[in-house]
Structures are given as C-alpha cells and as structure tokens.
Amino acid sequence: MNAVVDDATTRVNAWLRDFGAALERHDVEAAVSMFADECYWRDLVTFTWNIKTVEGRDAVRDMLAATLEHTRPSQWRLDGEAGEADGVSEGWLTFSTATAHGEGHIRLDRDGRCWTLLTAMTALRDFPEPAGKRRPMGAEHGIVRNRQTWLEAREEEQRRLGYEEQPYCVIVGGGQGGIGLGARLRRMGVPTIIVERNARPGDSWRKRYRSLCLHDPVWYDHLPYLPFPDHWPVFSPKDKIGDWLEMYTRVMELNYWHSTECRSAAYDEDAGEWVVHVEREGRPVTLRPRQLVLATGMSGMPNVPDFPGAADFRGEQCHSSRFTSGEAYADRQCVVVGANNSAHDISADLWENGARVTMVQRSSTHVVKSESLMTHALGPLYSQEAVDAGITTHRADMTFASIPFRIMPDFHIPVYERIAEEDAAFYRRLEEAGFTLDFGEDGSGLFMKYLRRASGYYIDVGASELIAQGEIGIRSGVTIERINERSVTLTDGSELPADLIVYATGYGSMNGWAAEIISQEVADRVGKCWGMGSDTRRDPGPWEGELRNMWKPTQQPALWFHGGNLHQSRHYSHYLALQLKARMEGIDTPVYGMPEVHHLS
C-alpha cells in the first residue's frame, strides 16, 4: 500500500470510527462537529425513509435529531482502501441500522471533516432477497403424490392474482420502468400486477419511429439482475429493446397484464387501499392494492401546441409520440416544431426518406456529439474501459449517486468545457447554419439539463451534420404564428410550405397522469414531478435538492412515481422496492423531510 492510500485509509477509518461511536451514544453535537461547514449528506432510504439530501451542519443536526432514535446505526466500516485526489480523501463504506443494511461513500476535506456523505439501503435485515445462498431449490426431491409443477404453480398464481387474491402493489405502465420495478418487487416477494395498455411488453418501444435507437450506450442501460450479454450492440435499436423487455417479463416471471387500460383509481382512506378500475382485454376488473405506482416514464401527457388555424390544415399533423416513419413523405414538405432529441431523430428519418425538412427551433439547444459524450462524460463509469478496470454497473451507479445535486454542476462544467474546445469546429459549423446552441445556463451540459427539465438537448448521431450542410433546414428563434391550409406562417412573418407538421414539443409533468387516472385534486396535492428547484429555465425554485416526487413518498399516501432513463429506472427501482416491501411487512417507516409542494405542473 503506498503512503497516499495508507494515509487516506487511516483518515477515513478514523472518521468512521469516531462518527459511529458518536451516533451509538446519541451524541448528535459530536457527530455534527465532524462535518465541514459546507457539507452534504445524501440519504437513500436508510435514515429518512425518503430520498433526501441535507445541506450544512444545521440540516445534518436536524436530520440526526429526528431519525437517530429509530434508526440506531452501527457497524460503520470502510469497504476496501480509501483514495485521495486534490486533498480530498474518499472511500466506500458499509453500516447497519435497526432494520436494514446499508452502504455508502464519503469524501473528507483537507481538515479531515466530511464534505459529502452518501448512505443507501442495500437490504432489509429480516427480509433478504432470495439470491446466492438463499436462492430457492426449484425442485422438491422425493416422491410426492399430486405434486404441483413449477408451470402449474405459475399458472395458478396468474389465474388467482387480481381476482381471488389482491396484489399488494399495482404498477400502471409496463415500459422499462414498470418492468424493472416489477422485477425488484417480484424478487422481494411483493405481490404485484403491472398494467400495460399495449398488446405486448416492449410495444412502447416498438411503436416509436422506425429509426429510433437508444442514444445511451449499453453499459449505462442494463436492467436489474439481468444485464445485456457482452455481444449486445453499444446502441440498441428500439425493436431489439422491445424484444429484450418482452423476454425479461417472462424470465423474471412478472405478472404483466398486457392489453389492459387503467380507467380510474381512487384512494379509500378508511380501508387504506386503492380502488383501481381496469379493463383487461375488454373485460372490467377492479383491483384493490395497498400501493399504487405510476410508472409512465419521466413525463406526462404530450404537449401539443394550440396554433391558430390548425383545424384548417389540409396536410397531416401529429405529436412526435405518434410519428412512426417518414416513408410516406418523399419529395414532400415537412415542418418539425422543436429541436431536441426527438426533433432531430424525426427530421433525420424524414430526410433519409427523401422529404424536404425544416426544423423550427424555438429556443436554444444543447448539442453534444455521441462519441464526445461517451469519451468524456459517460466513459469513466459506463464503458468497456470502465468494465475492464473493474468498475461494475453497481459501483458506477453508486459513484454517480454519491455526488449531491447541489455541487454536481461543478463536476460537469469542466467536462463540457473540454468538449466545447475539442469540438469547436463542429459547433461553429452548426452556428453558421443558423442553429442556436447552449451548454446549459451554467455550462454544465447535458445531464444537468436532463435532471432540471428533461429537455433542451440532443445527442448527435448524425442529424447535426445534415443541419450544418443545409440538408435539414433550420429556422431559429421563431415559432408558428398560424397554420394555413398548406403552409405555416412563422412569427417573423415568413412562410414555410407544409404537407406534414410534427410537434416534437415534449411532455408535461408526470402528475398529469395522476390527474388523468385519479383526479386533479390528487395531482395538485403531489405537485410537479421532476426537476429540483435549480431556478433555471423550466425548473423554478426554491431549491429542493432531489428530483421532485420521484421514487419516494408523496403528499398522497400510497402513491408513488417511478420513471427516468434506463440507468435511473435500474438504480432507483431498488430503493422504491425496499420502501414498498418494508410497508408490506409492517416495518415502521417514519418519513423525514417530506417536501412542500411549490409547483403544480
């Protein structure tokens, strides 16, 4: 062990020893004194039964005072060796509480005080997942009369659940989020039904535009428990993902109700359960789960602008969610409203099919080349090089989770400054074509934009070159003033001929689905989903420190929201599943830090 590692290991071990001793004797002030003046403690369920970041010593004090008595943490240990960079010592750790086992990460400043601390629940003490040495036998050896085979037991479960027996949890939405969470709950022994209106698992991918591929690389996109095989392509085509999801639901033995529409849901406070009315393959069924999860992605209803004259348009118009292919539009005039990922992909698909396309860019867009994003932003954690260096998917997820959102921009800004410098010629050509660029309001780039507003960016896989060459037209800083029978008039007075208008204008907040399925009252009670109060465009303050309402308790009892990209669905489904399992088993789950609702949508 070299001297730097030895010193860092000694410092982190000493901090964990003293911190653990202070907590065991309930000496809150001694524990708080071990944090720096600028400090951040991010807790994923262990102390708060919430997803919560506290900032500053006063907030640490308040959280410990409220949670220490029932949490009773102990056994703080360094996991492996600590490291040091730029005077910051950091290391991985494990610990236990009265009800759970936990893991985490710590960073100490030059004075040996805590700068950032991550604590995350790994398992409930009394309810470990049946994996490894605890895996089921799968066979009943010996000679048994009238034994039930695995297939017979599975068929009986599918016949009874939802009819003769009620699920503990219903998940509305059977895309990757609902499927991943369903797998977590299945393994934890939580009876769950996933409700999906499409005919097959994976159809939410299959039904999108034909050229759609994931823009994130395969190492970032694994599902829980069952990673993609090592020959899987770096960027997955939509139909391949659809087939994988369909296979996954069968292999993971999920109770997946396809061709099922959730018509309505209401919470029965007296009974402590939901009354969920669904229509399954044309037949009404009433479900009465204790917990309801809306897993409808990270977005709500499609945003379709109401432009004057739309009803008189003689061409075709659709939201990007309804666009499937540009095959029918060869030699036709197409206008795509929007300039983010979907707008670029759809414009490129139309161009490939011989259409004449103009993109209407209403506001600036952050663009980053796919190879630059992979090399500089994702590569250190999610790449073949990272895997070869021993960084597992779990370790990568936890590393990312260890950075509090307040200071995350500081980690990203240098990355995008380097990208801007290396790809300066690329950006210059785009601007010369009339495209308006940004790197986020603070220069922190793509992922912060994603967390703040879930829009405003494009990962370039080719469409930017078409714009730079003038093959895809661009009209920036304008929008549609009115729609005519065969054209659109822009706000600068110019006119574009149009046979097709595609509205790549994004989606509303996820609580729009709560309004649709439950009631507007409940949607307003829980408030806006996504964003963290950064006070940047489309993410109004005040600062909240975590994504609003995602994967954690909401102001509506027993209502949860689950979504995000494949990485987030994989990682945070674990913590949501643990919260649901704990409630099913009757574990006391006092929630600390339930945020106020500041925005309704």
Side-chain angles (χ1 to χ4, degrees), residues 197-198 203-204 206-212 238 297 299-365 433-436 453-458 463-464 466-467 470-509 512-513 515-516 538 601:
R197 62 187 174 188
N198 282 315
D203 274 354
S204 56
R206 294 187 189 96
K207 291 185 175 182
R208 297 299 303 279
Y209 48 92
R210 64 185 294 272
S211 61
L212 176 64
K238 68 180 183 71
S299 305
M301 312 296 286
N303 287 329
V304 180
D306 184 18
F307 293 125
D312 300 323
F313 184 58
R314 294 194 175 184
E316 298 173 59
Q317 51 187 325
C318 66
H319 188 265
S320 59
S321 59
R322 299 290 184 181
F323 180 85
T324 56
S325 173
E327 287 180 310
Y329 299 100
D331 296 321
R332 299 176 72 183
Q333 300 283 356
C334 303
V335 174
V336 177
V337 182
N340 298 332
N341 265 337
S342 292
H344 281 80
D345 285 350
I346 290 169
S347 295
D349 183 82
L350 287 164
W351 182 88
E352 286 183 346
N353 283 282
R356 295 187 290 274
V357 190
T358 300
M359 186 186 297
V360 177
Q361 184 188 27
R362 298 174 297 170
S363 58
S364 64
T365 307
F435 196 90
T436 305
R453 51 182 281 195
S455 66
Y457 52 84
Y458 169 56
S464 290
L466 293 175
I467 294 171
E471 296 292 320
I472 293 175
I474 185 72
R475 299 300 303 276
S476 183
V478 295
T479 187
I480 294 177
E481 183 175 278
R482 67 178 181 275
I483 298 176
N484 311 307
E485 289 186 354
R486 291 291 182 184
S487 65
V488 299
T489 300
L490 303 180
T491 49
D492 63 359
S494 62
E495 189 172 352
L496 295 174
D499 299 303
L500 169 71
I501 305 171
V502 179
Y503 301 112
T505 46
Y507 300 83
S509 170
W513 288 110
E516 178 88 359
R538 298 188 185 177
S601 62

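Count residues from 1 along the sequence. Below, each value reflects all heavy atoms present in this structure, side chains not excepted, and no hydrogens, waters or symmetry copies.
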Which heavy atom of G326 sits nearest a heavy atom of N353, and at what distance? O-CB, 3.1 Å
What side-chain donor-acceptor pairs closer than 3.5 Å can you find for residues 354-361, not counting sequence neighbours?
unit_1: R356; atom_1: NH1; unit_2: D331; atom_2: O; d: 3.3
unit_1: R356; atom_1: NH2; unit_2: D331; atom_2: O; d: 2.9
unit_1: Q361; atom_1: OE1; unit_2: T436; atom_2: N; d: 3.0
unit_1: Q361; atom_1: OE1; unit_2: S476; atom_2: OG; d: 3.0
unit_1: Q361; atom_1: NE2; unit_2: S363; atom_2: O; d: 3.4
unit_1: Q361; atom_1: NE2; unit_2: T365; atom_2: OG1; d: 3.1
unit_1: Q361; atom_1: NE2; unit_2: T436; atom_2: O; d: 2.8

Interatomic distance, OG@S464 vs CD1@I472, rounded to 0.5 Å, equals 8.5 Å
Check ring-ring contact (aromatic ring centres under 6.0 Å, His included) between F313 and all other residues, then give those that pass, not counting sequence neighbours. none
Between atom OG1 of T324 and atom CZ of R210, what is the distance when rounded to the nearest 0.5 Å? 9.5 Å
What residues form a side-chain hydrogen bond (donor to acceptor under 3.5 Å, both in side chains) with S364, not counting sequence neighbours? D438
Shortest non-hydrogen contact from A433 toward I467: CB-O, 3.4 Å
Residue pair R538 / S455: nearest heavy atoms and the distance that separates them: NH1-OG, 3.5 Å
Is the side chain of S601 donor-acceptor paired with the backbone N or O of S509 at a distance under 3.5 Å, no angle test? no
More than 12 heavy atoms of other residues, nucleotides or ligands under 6.0 Å from CZ of R197: yes or no? no
Measure the shortest side-chain to side-chain distance between D499 and R486 over non-hydrogen atoms and say whether it is less than 4.5 angstrom. yes
Hey, does F323 have a side-chain heavy atom less than 4.5 Å from the side chain of S342? no
Closest contact, heavy atoms only, S204 versus N198: N-ND2, 3.6 Å
Roughly how far apart are L350 CG and Y329 OH, rounded to 0.5 Å? 8.0 Å
Partner set under ring-ring contact (aromatic ring centres under 6.0 Å, His included) for Y458, not counting sequence neighbours: H344
Can you tell me if N484 and T489 form a side-chain donor-acceptor pair at under 3.5 Å? yes
For R475, all residues meeting salt bridge (Lys or Arg N to Asp or Glu O under 4.0 Å), sequence neighbours excluded: D492
Is the shortest heavy-atom distance from the side chain of V488 to the side chain of V337 under 4.5 Å? no
For E471, side-chain hydrogen bond (donor to acceptor under 3.5 Å, both in side chains) partners two or more places apart: W351
